[in-house]
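Each remark here refers to the structure printed beneath this line.
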Amino acid sequence: MYRWLCLCAIIASSFFTHAAGKEISIGLEPYFTPRLLISSFQPLRDAVQTSLGQPVVLLTAPDYRQFVRRMEAQEFDIVVIGPHTARYAEQLAAYVPTLIGRSKLIGLVVVQREGSIRQVSELGEVTVAMPDPLTATAMLGEEWLRKQSLKPALRYYDFHNAAAMAVIRNDAQAAIVNKTAFANMPADIRDKLRVLAETRTLPHMVVLISTRLEAATRKRYADTLANFVNSREHGESFAGKIGFAGADPVKEGELNQVEPFVVELKRRLKAE
């Protein structure tokens, strides 16, 4: 049976019989290529699987749009995604925002380390690479360019690391990528790039849980995720690596500040 980008090897390390419980599916926003994304979240998967005694599978999608559509179809029990899409999922896909990372989402404007671009003003006549236009990072980047009165040619890529690589390959002269994603790129990419500027910040990663699950089950899943992410022994390095830096329960109204990005997300989804 077809299992889009599931990377079945991720469940081979531990064997669970059917009696051990229903498989838990965790959907991951496709901000990296699938192999890098899945490997980044492997510690979380292992900890949740051990704690709950149920098999856990990590899922993603080939691009952001397909991920949103699969989220709308409730194909995941748990979703880890950016703030504006989290709010969208709360409104239209019957998910409950449960945990929010303590770190902030910020876009980095990067150029070639040894390249000729030294000032922001030089970006007006060049090509700037962006992640998928549906992402909060792309929207933050576009907002930043408008505030600088810059109108470069924009070229969008499915993943943050692909946008960064476009600069190295001279397909673009600059890129705007998520700070956390940049920190997790291989050293041979980061070492060839230099941060020229930063966008403003937004809330970062949000964990949502499907309302198809009973309230007690949702609480058990949320508590398990929070215990791992906030654990000094196991979760600290993982959480910082993927942009949580610890996680707290989502407060009522906490995602209201991203509403303009939700409106734009809906517009772009409709336009595609």
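If you take OG1 on Thr135 and CZ on Phe159, they are separated by 12.0 Å, rounding to the nearest 0.5 Å. Distance check, rounded to the nearest 0.5 Å: CG of Leu59 to CD1 of Ile38 gives 7.0 Å.
With hydrophobic clusters built from ILVMFWY side chains whose heavy atoms lie under 4.5 angstrom apart, Leu269 shares a cluster with Val262. Note on Leu28 and Leu44: same hydrophobic cluster, where clusters join Ile, Leu, Val, Met, Phe, Trp and Tyr whose side-chain heavy atoms are under 4.5 Å apart, directly or indirectly. Placement of Tyr221 and Val96 in two distinct hydrophobic clusters is found when ILVMFWY residues are connected by side-chain heavy-atom separations under 4.5 Å, directly or transitively. Linking Ile, Leu, Val, Met, Phe, Trp and Tyr whenever their side-chain heavy atoms come within less than 4.5 Å puts Phe76 and Val250 in one cluster. By the criterion of side-chain heavy atoms lying less than 4.5 angstrom apart, applied directly or through intervening Ile, Leu, Val, Met, Phe, Trp or Tyr residues, Val195 is grouped together with Ile189 in one hydrophobic cluster.
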- Task: Please lay out, stage by stage, how Ser210 and Arg212 fare under the test side-chain hydrogen bond (donor to acceptor under 3.5 Å, both in side chains).
- Result: CA-CA 5 Å; Ser210 172; Arg212 290 180 302 127; 3.3 Å; yes
- Does the side chain to side chain contact (heavy atoms under 4.5 Å, CB included) test come out yes or no for Ile78 and Val207, once each step is laid out? CA-CA 7 Å; Ile78 299 168; Val207 174; 3.8 Å; yes
- Message: Using the rule given for side chain to side chain contact (heavy atoms under 4.5 Å, CB included), can you reason through Ile176 versus Leu140, listing the C-alpha separation, both sets of side-chain angles and the distance that settles it, and then say yes or no?
- Response: CA-CA 9 Å; Ile176 300 180; Leu140 275 175; over 6 Å; no
- Task: Carefully, step by step, assess Val167 and Gln173 under the rule side chain to side chain contact (heavy atoms under 4.5 Å, CB included).
- Result: CA-CA 5 Å; Val167 179; Gln173 288 67 55; over 6 Å; no
- Query: Which is it for Asp132 and Arg65 under the side chain to side chain contact (heavy atoms under 4.5 Å, CB included) test, yes or no, and what are the steps along the way?
  - Reply: CA-CA 9 Å; Asp132 193 295; Arg65 185 178 188 278; 5.6 Å; no
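Residues Phe261 and Glu143 form a side-chain contact, since some pair of their non-hydrogen atoms from C-beta on lies under 4.5 Å apart. Side-chain contact between Glu259 and Arg87 is present, with at least one heavy-atom pair separated by less than 4.5 Å. At least one side-chain heavy atom of Lys22 sits less than 4.5 Å from a side-chain heavy atom of Gln54. Residues Arg102 and Asp248 form a side-chain contact, since some pair of their non-hydrogen atoms from C-beta on lies under 4.5 Å apart. The side-chain heavy atoms of Met130 and Tyr157, taken from C-beta on, include no pair separated by under 4.5 Å. No side-chain heavy atom of Tyr95 sits under 4.5 Å from any side-chain heavy atom of Ile209. Two residues are said to be in side-chain contact when any heavy atoms from C-beta on lie closer than 4.5 Å; Gln148 and Leu145 fail this criterion. Looking at heavy atoms from C-beta onward, Phe67 lies out of side-chain contact with Leu134 at the 4.5 angstrom threshold.
Checked for salt-bridge contact, Asp223 and Lys219 meet the test: a charged N lies under 4.0 Å from a carboxylate O. Salt-bridge formation is detected for the pair Glu142/Arg268: a Lys NZ or Arg NE/NH1/NH2 atom is positioned less than 4.0 Å from an Asp or Glu carboxylate oxygen.
Summarising the geometry of Leu202 relative to Ala136, their closest heavy-atom pair is CD1-CB, 4.3 Å, with the distance given to 0.1 Å. Shown here for Val111 and Ala174, the closest heavy-atom pair between the two residues is CG1-CB, 3.8 Å. Considering all non-hydrogen atoms of both residues, Pro131 and Ala138 come closest at O-CB, 3.8 Å. Of all heavy-atom pairs between Ala86 and Leu255, the closest is CB-CD1, 4.3 Å. Considering every non-hydrogen atom in both His160 and Thr137, the closest pair reads CE1-OG1, 3.5 Å. Closest approach of Ala197 and Val120 over heavy atoms only: CB-CG2, 4.0 Å.
Without hydrogens or angle criteria, Glu254 side chain to Lys251 main chain gives a donor-acceptor distance under 3.5 Å. A donor-acceptor pair is defined here as one N or O able to donate and one able to accept, closer than 3.5 Å; such a pair exists between the side chain of Ser39 and the backbone of Leu36. In this structure a side-chain-to-backbone donor-acceptor pair under 3.5 Å is present from Arg113 to Leu193. Checked by atom type and distance alone, the side chain of Thr85 never pairs as donor or acceptor with a backbone atom of Ile81 at under 3.5 Å. Counting only distance, with no hydrogens or angles, the side chain of Glu264 and the backbone of Met139 share no donor-acceptor pair below 3.5 Å. Between the side chain of Gln74 and the backbone N or O of Ala94, at least one donor-acceptor pair lies under 3.5 Å. In this structure, Glu29 contributes its side chain and Gly82 its backbone to a donor-acceptor pair below 3.5 Å. Checked by atom type and distance alone, the side chain of Asp77 pairs as donor or acceptor with a backbone atom of Ser25 at under 3.5 Å. A side-chain donor-acceptor contact under 3.5 Å links Asn230 to the backbone of Ala247. A donor-acceptor pair is defined here as one N or O able to donate and one able to accept, closer than 3.5 Å; no such pair exists between the side chain of Arg155 and the backbone of Ala129.
Within 6.0 Å of CZ in Arg169 there are 12 or fewer heavy atoms belonging to other residues, nucleotides or ligands. More than 12 non-hydrogen atoms from other residues, nucleotides or ligands lie less than 6.0 angstrom from NZ of Lys266.
Each of Ile100, Ile106, Leu105 was compared with His204 under the side chain to side chain contact (heavy atoms under 4.5 Å, CB included) criterion, and only Leu105 meets it.
Ring planes of Phe41 and Tyr31: perpendicular class, angle over 60° (limits at 30 and 60°).
With 3.5 Å as the limit, one finds a donor-acceptor pair spanning the side chains of Tyr88 and Glu72.
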